[in-house]
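What follows is one structure encoded as structure tokens, with my remarks underneath.
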Amino acid sequence: MRFVNCCKCGLGKSRTNAVPGEGNPDARIVFVGEGPGADEDAQGRPFVGRAGKLLDRIINAMGLQRKDVYICNILKCRPPENRDPKPDEIAHCLGYLQDQLEIIQPEIIVALGAHAARTLLETTKSIGHLRGQFQQYYPGLGKMPIKLMATYHPAYLLRSYLPENRRRVWDDMKTVLTELNLPVPQRGGK
Ligand code: SF4
């Protein structure tokens, strides 16, 4: 993969491992987060820390397993101290994600958190405004748009582990399952 040795932005110098993404190359759902954290940087795998464990639980609650979906990030290398991605870093890295989405051609993208949602939707709206209904991701001229569901990032959910936030995320995932004609388990969002 091209980005394993990429140094197009400054994060190439500070990372331990690039974190390309992993999962089913024919996935119907692609989860897109913001960028790798410390655990991900150490292992070269996406969403393997505490937030990743919560994402696993969300995926399992949907009646799916990690191998059924594809999981990746906007940035392929960890920003130091988990700071927010900078616009130039996103600009340099976004092409890799666009290529991944072009290859996988998912039916639905789940954007985890404001950075992923705003980047893919090219908007400055808040996650609270964007979540709850499908938005459209436009891959480029002449290409079919892909439905995008924005929802809270698992790391945010861990910080604000409130019943209403968990219910909102579960509502978003139920909407995704319904759109894909998949069964909606009863136990999620607890
Ligand atoms: S974050 Fe993206 S653009 Fe920057 S060095 Fe890593 S792979 Fe390259």
Side-chain angles (χ1 to χ4, degrees), residues 1-27 29-56 58-59 66-67 69-106 108-127 130 135-141 143 145-146 148-159:
M1 277 166 273
R2 286 180 295 143
F3 36 76
V4 171
N5 297 312
C6 176
C7 278
K8 283 201 292 183
C9 81
L11 299 180
K13 293 194 185 76
S14 56
R15 70 168 177 238
T16 307
N17 290 296
V19 183
E22 66 181 27
N24 183 350
D26 295 317
I29 309 172
V30 172
F31 289 86
V32 180
E34 172 182 323
D39 294 309
E40 291 77 16
D41 178 64
Q43 296 184 40
R45 296 181 57 216
F47 282 91
V48 290
R50 280 185 70 223
K53 299 281 177 280
L54 180 54
L55 179 61
D56 286 348
I58 293 168
I59 291 168
R66 208 170 154 108
K67 66 178 174 53
V69 302
Y70 197 86
I71 303 172
C72 57
N73 286 296
I74 297 281
L75 292 184
K76 307 308 183 194
C77 304
R78 181 194 182 202
E81 311 304 323
N82 296 342
R83 63 157 169 73
D84 288 347
K86 293 180 180 172
D88 71 296
E89 293 163 353
I90 292 176
H92 279 110
C93 210
L94 191 57
Y96 295 135
L97 175 62
Q98 290 166 334
D99 289 349
Q100 289 175 305
L101 294 171
E102 173 86 27
I103 292 165
I104 298 168
Q105 299 208 346
I108 292 178
I109 298 166
V110 176
L112 300 166
H115 286 290
R118 287 177 181 158
T119 299
L120 291 171
L121 297 173
E122 298 184 70
T123 180
T124 56
K125 289 179 181 168
S126 71
I127 190 76
L130 294 169
Q135 313 285 339
Q136 299 275 18
Y137 163 71
Y138 291 94
L141 223 55
K143 294 177 185 161
I146 301 172
L148 184 149
M149 177 61 74
T151 197
Y152 296 133
H153 194 287
Y156 170 79
L157 211 48
L158 285 172
R159 289 195 303 273

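Remember, predicted model here, so these are calculated numbers, not experimental data. Counting convention: from 1, in listed order, for ligands and their atoms alike.
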- prompt: So, do Val30 and Ile146 sit near enough that their side-chain heavy atoms are less than 4.5 Å apart?
  reply: no
query: Mind checking what makes ring pair (Phe, Tyr, Trp, His ring centres under 6.0 Å) contact with Tyr137, not counting sequence neighbours?
result: none
query: Would you call Arg45 and Glu22 a salt bridge, using N to O less than 4.0 angstrom?
result: yes
- line: ligand 1 to Cys93, heavy atom cutoff 4.0 Å, flagged ligand atoms 1 (S), 2 (Fe), 3 (S), 7 (S)
- prompt: Any N/O/S atom of Cys6 sitting less than 2.8 Å from atom 8 (Fe) of ligand 1, backbone or side chain?
  reply: yes
- prompt: Who passes ring pair (Phe, Tyr, Trp, His ring centres under 6.0 Å) against Phe31, sequence neighbours left out?
  reply: none
- prompt: Going by the order shown, which atoms of ligand 1 are within less than 4.0 Å of some heavy atom of Gly12?
  reply: 5 (S)
message: Distance check below 2.8 Å: does Cys9 bring an N, O or S atom to atom 6 (Fe) of ligand 1?
response: no
